[in-house]
Protein chains: 2
Amino acid sequence: MAEARTSTPRERYRTQVRAEIKEHAWEQIATAGASALSLNAISKRMGMSGPALYRYFDGRDELITELIRDAYRSQADTFRAAAEAGADLAGLAHALRTWALEDPQRYFLIFGTPVPGYRAPDDITEIAAEIMTVIVDACAALPSEPTPDGAAEAFDTHLETHRQWARDHPASPAALRRALSFWTRMHGVLSLELAGQFTGMGFDPALLYAAELEGLLGP
Amino acid sequence: MAEARTSTPRERYRTQVRAEIKEHAWEQIATAGASALSLNAISKRMGMSGPALYRYFDGRDELITELIRDAYRSQADTFRAAAEAGADLAGLAHALRTWALEDPQRYFLIFGTPVPGYRAPDDITEIAAEIMTVIVDACAALPSEPTPDGAAEAFDTHLETHRQWARDHPASPAALRRALSFWTRMHGVLSLELAGQFTGMGFDPALLYAAELEGLLGP
DNA sequence: CACTTCAGTTAGAAGTTATCACGAACATTA
DNA sequence: TAATGTTCGTGATAACTTCTAACTGAAGTG
C-alpha cells in the first residue's frame, strides 16, 4: 500500500489536471455563468476528447460542488487574512467588497440562486460557519454595541437562546445581531450591485455600501 | 386587415395556450429552478410534441424573458396594491416578504444570479422604476428622516445630483437614501432566507427581518 | 519480464434546443 | 359555394449536452 510518503508522479499529474480543469471551468463561469458550464467544452479546450474528464470528476454536479467549495474557501481565506492583519469590521467589509468585485460569478456561486434540490456537503457549511465566526469576533471587538429598540430587543432575547449558528459564541446578543445585520446588509448592497441592478440608475454603489457600513458601526 | 375589433377565436386560443405554457413553466421552475426549464417537457406534458411550442415562443430565452416580465409585474402589482390600501413602509415590507415567500424561485428570477450577457428589455426596467417610485413615495411620507453621519452625508450630497433612478422624485436626499437602504436591507435578509442560507442556523429569519425593518424606520 | 492500474479513446444512449418541410384545420375572400 | 391564404401541429433532422460502456495503450509494480 503506497504510503503516500511524498506523492507519486501519477498523483501529481492527477491533481495538476484536476486544477487545470477547474481553471477552465472558472473561466467559463466568469464569462457565461455557471448554468452554461460545459464539460465537453472544457475537455476539447484541453485537447482531450469528451469522457476523459470523467476520470477526474464524477460529473457536472461534482465539479460545480468543488468550485463552490473553492469559492467558500477563498472567501474564508480573505476574511481570515484580513482579520489576522488586524482589520476591524470596516476592514472586513472592504475586504469582502474587493473579493466580490474580483469575480462576481464566484460570489453568486455561493450566494446566488439556489437549486431547489441541492444540499451543500457538511464540510462546506463548516467553512460557512468559520466565516461567521470571524464576523462575530469582529463585532464583539467593537467599542460600542447597537442599542435595541422594539423588534431588535425581541430579536436579542431570541438570540440569547439561539446562537448555535455562531458556535455558541460568548458574545452579547447585540453583537450577534450586529453580525447578522452586517452579513445581510453588506450582501444586500453587494448582490444587487454585482447583479447589475444598479446599472443605469446613476448613483455610485460604493457610496451606498460605505453609508450602509457606517450606519452599522454607529449606534 | 382584421381590425382586431374584439378578438378572434384564434387569438383567444393563442393567448390561452401561451398562458398554459407559462403555467407549466412556472410549475417546473418552482420545483427544479429556472436553469432546469425544459421546453420539451412542457410540450409533452401539454400533450403536444416538441416543436409545436415554437409557434408560441421564439425559444427558451423568450419564454424566460416573458416569465421575468411577469415576475416584475407581479411584484409591482403587490406593491401598488399595498400602497393603494394605505400601507406605509412597514406595510410594503410585509407585502414584499409575503410575496417573496409565496414563490422563492419567482423572486430569484428577478434578483437571482444574473446571466453575464443578458440585458433586460426596456419595458422591464420601466416596471422596476415603477416599483422604486412606490418605495420612494412611502419613504417621503414617513414622519421622520434618517439622520446622516459621515458616509451617509456624503451619499446624500451625491444623491442630490443623482436621482434619475427615482424619476427625479422631489423627495429629500435622506428619503431617497432610506429608499435605497430599504431595498438593499430587505433584499439582504430575504434573499439569504430564500436561498436557504439560514437553514440549520437555528434562529427565526422573520425576527431578523422585523429587526432590520424597525432599524430602518427609527433614526 | 509479467501483471496490474489507470489515462484516454471511440461508440452509443438519452436528453436538450431549434429548424425545416409537410399535411391538415381553420379563416377570409372572391 | 369555391378558392385562397394563414396558422397549427407533426415527424425528421442537425447540433448540442451529460454520461456509460468497452477497448487500447502506456505507465508503474512485483
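A, B, ... follow the sequence lines: proteins, then strands. Residue 1 opens every chain.
Heavy atoms of other residues, nucleotides or ligands lying less than 6.0 angstrom from CZ of A/Arg45 number 12 at most. The number of heavy atoms from other shown groups lying within 6.0 Å of CD (A/Glu23) does not exceed 12.
With rounding to whole Å, A/Arg12 atom CZ is found 17 Å from C/dC6 atom P. If you measure from atom CD of B/Glu11 to atom P of C/dC26, you get 17 Å, rounded to the nearest angstrom. When the P atom of C/dG8 is taken as reference, atom CZ of A/Arg10 falls 10 Å away, rounded to whole Å. Rounded to a whole Å, the CE atom of B/Met46 is 13 Å from the P atom of D/dC8.
Among the nucleotides D/dC8, D/dC19, C/dA7, the one closest to any side-chain atom of B/Arg14 is D/dC8. Side-chain proximity of A/Tyr13 to C/dA7, C/dA18, D/dT17: nearest is C/dA7.
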Name the pairs: protein N/O against N/O of nucleotides 10-13 of chain D, kept only if under 3.5 Å.
from: D/dT10; atom 1: OP2; to: B/Ser49; atom 2: N; distance (Å): 2.7

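Under 4.0 angstrom from either OP1 or OP2 of D/dC16 there lies no side-chain N or O belonging to A/Asn40. In this structure, A/Tyr56 reaches the C/dG8 phosphate: one of its side-chain N or O atoms is under 4.0 Å from OP1 or OP2.
Put simply, the residue from A/Arg80, A/Arg73, A/Gln75, A/Arg167 that forms a side-chain hydrogen bond (donor to acceptor under 3.5 Å, both in side chains) with A/Glu130 is A/Arg80.
Less than 4.0 Å separates DNA chain D from no heavy atom of any residue of residues 18-36 of chain B.
Looking at heavy-atom distances under 4.0 Å, A/Phe57 makes no contact with the nucleic acid at all.
Checking A/His187 against A/Tyr107 by side-chain atom types alone, a donor-acceptor pair falls below 3.5 Å.
In this structure A/Glu20 satisfies the side chain to side chain donor-acceptor pair (under 3.5 Å) test with no other residue, sequence neighbours excluded.
Under a 3.5 Å cut-off, the side chain of A/Glu193 and the backbone N or O of A/Pro205 do not form any donor-acceptor pair. Side chain of A/Gln105 to main chain of A/Glu27: no donor-acceptor pair is present (N/O by atom type, distance under 3.5 Å, no hydrogens or angles). Checked by atom type and distance alone, the side chain of B/Arg163 pairs as donor or acceptor with a backbone atom of B/His169 at under 3.5 Å.
A salt bridge between A/Glu66 and A/Arg69 is present, with a side-chain N of the basic residue lying under 4.0 Å from a carboxylate O of the acidic one.
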